[in-house]
**Q** 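So that we are looking at the same thing, I have put the structure below in structure tokens.
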Amino acid sequence: VPPQPVNADAVAIEEAVEDILDDDIAEIFAEEAADVLESIQEALPRWCADPADEEALSVLRRGWHTLKGSGRMVGANCLGELAWSIECMLNRIIDGTVEPTVQFVAVVDDARNLVPRLREAFEVQRPPELDTLGAIMERADVLASGGTLEDSDTSIAAPEPEAPETSDSLTVFLGEAATHMAVLNS
């Protein structure tokens, strides 16, 4: 049976419908990512203040799980893979494989600060910050594996985020933690 001729109008209509659906899905993703990031931002200071706060840890893990799935679904693969790295690291805390430290908090906070930039890069189809992305994912993997960042060969340090919006308690916690880490390292 010879192949049927392709109707150019049908193909054009199908492509237009796909573009509209893609735009709608991308818009829904952007809205959902903003909502999930807000819940992460609310739970992170609670978890920082009390690493035994299972509810805050659960909210964090669920948020990263959601970002992983929705990011992968729309093709925001860098954001999805970052979220997967953080989710895996948090899973190791939940299953008791590792104990949370200030390093875990810092990695989650760095990832949280990177998400809006990854989302924006996806929306405008600009290449993401691969060095920063890779560094955060590598640090999450080291911690999930039971290592510490001092013991690892993380040659790429994640750059300081652009004026992060952190709560006062998180800022105080991170400052105190940095002081304690400096004492321990000396």
Side-chain angles (χ1 to χ4, degrees), residues 17-95 100 102-141 143-144 158-174 177:
V17 168
E18 286 177 9
D19 287 345
I20 290 169
L21 290 176
D22 288 347
D23 289 344
D24 288 344
I25 290 172
E27 185 177 326
I28 291 167
F29 165 70
E31 291 171 9
E32 180 181 63
D35 291 344
V36 170
L37 192 58
E38 186 176 309
S39 72
I40 289 171
Q41 289 173 318
E42 291 171 3
L44 187 57
R46 291 192 347 249
W47 184 56
C48 290
D50 180 11
D53 184 339
E54 292 179 9
E55 180 186 344
L57 181 57
S58 177
V59 168
L60 289 171
R61 188 246 173 234
R62 187 171 40 256
W64 291 106
H65 176 79
T66 300
L67 287 174
K68 173 193 72 177
S70 58
R72 287 176 172 174
M73 183 177 70
V74 300
N77 294 323
C78 288
L79 198 153
E81 293 307 304
L82 172 68
W84 177 77
S85 295
I86 301 302
E87 178 189 6
C88 287
M89 182 185 74
L90 295 175
N91 284 339
R92 298 299 68 82
I93 295 170
I94 290 169
D95 68 19
V102 67
Q103 293 178 345
F104 288 81
V105 173
V107 170
V108 172
D109 195 44
D110 287 346
R112 177 188 63 89
N113 287 320
L114 183 59
V115 167
R117 299 193 311 264
L118 290 175
R119 187 185 68 219
E120 178 187 355
F122 169 74
E123 289 172 355
V124 299
Q125 298 190 4
R126 179 183 70 232
E129 303 170 33
L130 292 178
D131 289 345
T132 303
L133 175 67
I136 294 170
M137 290 174 64
E138 181 179 355
R139 291 166 51 218
D141 184 53
L143 294 173
E160 287 296 313
E162 300 169 10
E165 296 179 23
T166 57
S167 69
D168 291 340
S169 61
L170 179 59
T171 302
V172 169
F173 174 82
L174 292 174

**Q** Can you sort out the partners of Ser70 under side chain to side chain donor-acceptor pair (under 3.5 Å), two or more places apart, ordered by chain and number?
**A**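 Checked Ser70 against side chain to side chain donor-acceptor pair (under 3.5 Å); matches are Glu32.
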**Q** Would you list the pairs meeting side-chain hydrogen bond (donor to acceptor under 3.5 Å, both in side chains) in which at least one residue belongs to residues 74-84, sequence neighbours left out?
**A**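 Sorted result for residues 74-84: Arg72-Glu81.
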**Q** Just jot down the side chain to side chain donor-acceptor pair (under 3.5 Å) partners of Ser39, sequence neighbours excluded, or say none.
**A**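 By the side chain to side chain donor-acceptor pair (under 3.5 Å) rule, Ser39 matches no residue at all.
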**Q** If you look at every heavy atom in Leu37 and Pro116, which pair is closest and at what distance?
**A**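 Nearest heavy atoms, Leu37 then Pro116: CD2-CG, 3.5 Å.
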**Q** Can you list everything that forms a side chain to side chain contact (heavy atoms under 4.5 Å, CB included) with Asp53? Sequence neighbours excluded, please.
**A**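 Side chain to side chain contact (heavy atoms under 4.5 Å, CB included) check on Asp53 returns Arg46, Asp50, Glu55, Ala56.
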**Q** Using every non-hydrogen atom in the two residues, find where Ala33 and Arg119 come nearest and quote the distance to one decimal.
**A**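 Between these two residues, the closest heavy atoms are CB-CD, 3.8 Å.
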**Q** Restricting to salt bridge (charged side-chain N to carboxylate O under 4.0 Å, His left out), what partner residues turn up for Glu54, sequence neighbours left out?
**A**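 Residues passing salt bridge (charged side-chain N to carboxylate O under 4.0 Å, His left out) with Glu54: none at all.
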**Q** Of all heavy-atom pairs between Ala140 and Ile86, which one has the smallest distance, and what is that distance?
**A**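 Heavy atoms of Ala140 and Ile86 come nearest at CB-CD1, 4.0 Å.
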**Q** With side chain to side chain contact (heavy atoms under 4.5 Å, CB included) as the criterion, how do Glu87 and Asn91 come out once you've worked through the C-alpha distance, each side chain's angles and the decisive distance to 0.1 Å?
**A** CA-CA 6 Å; Glu87 178 189 6; Asn91 284 339; 3.8 Å; yes
**Q** If the condition is side chain to side chain donor-acceptor pair (under 3.5 Å), which residues does Arg92 pass it with, not counting sequence neighbours?
**A**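 Here the qualifying residues are Asp95.
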**Q** Holding to side chain to side chain contact (heavy atoms under 4.5 Å, CB included), I want the full list of residues that pass it with Ala83, two or more places apart in sequence or in another chain.
**A**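 Applying side chain to side chain contact (heavy atoms under 4.5 Å, CB included) to Ala83 gives Trp64, Leu67, Lys68.
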**Q** Which atom names give the shortest non-hydrogen contact between Leu133 and Leu114, and what distance separates them?
**A**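 Residues Leu133 and Leu114, closest heavy atoms: CA-CD2, 3.8 Å.
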**Q** Give me the one residue out of Asp110, Thr132, Ile136 that meets side chain to side chain contact (heavy atoms under 4.5 Å, CB included) with Leu82.
**A**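 For Leu82, the side chain to side chain contact (heavy atoms under 4.5 Å, CB included) test succeeds with only one of Asp110, Thr132, Ile136, which is Ile136.
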**Q** Under the salt bridge (charged side-chain N to carboxylate O under 4.0 Å, His left out) test, which residues partner Glu42, sequence neighbours left out?
**A**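 By the salt bridge (charged side-chain N to carboxylate O under 4.0 Å, His left out) rule, Glu42 matches no residue at all.
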**Q** Is there any ring-ring contact (aromatic ring centres under 6.0 Å, His included) pair reaching into residues 25-51, and which pairs are they, with sequence neighbours excluded?
**A**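 Sorted pair list: Phe29-Phe122.
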**Q** So, does Asn113 use its side chain to make a donor-acceptor pair with the main chain of Asp109 at under 3.5 Å?
**A**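 Yes; at least one donor-acceptor contact below 3.5 Å.
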**Q** Between Val59 and Ile40, does the side chain to side chain contact (heavy atoms under 4.5 Å, CB included) criterion hold? Intermediate values first, please.
**A** CA-CA 7 Å; Val59 168; Ile40 289 171; over 6 Å; no
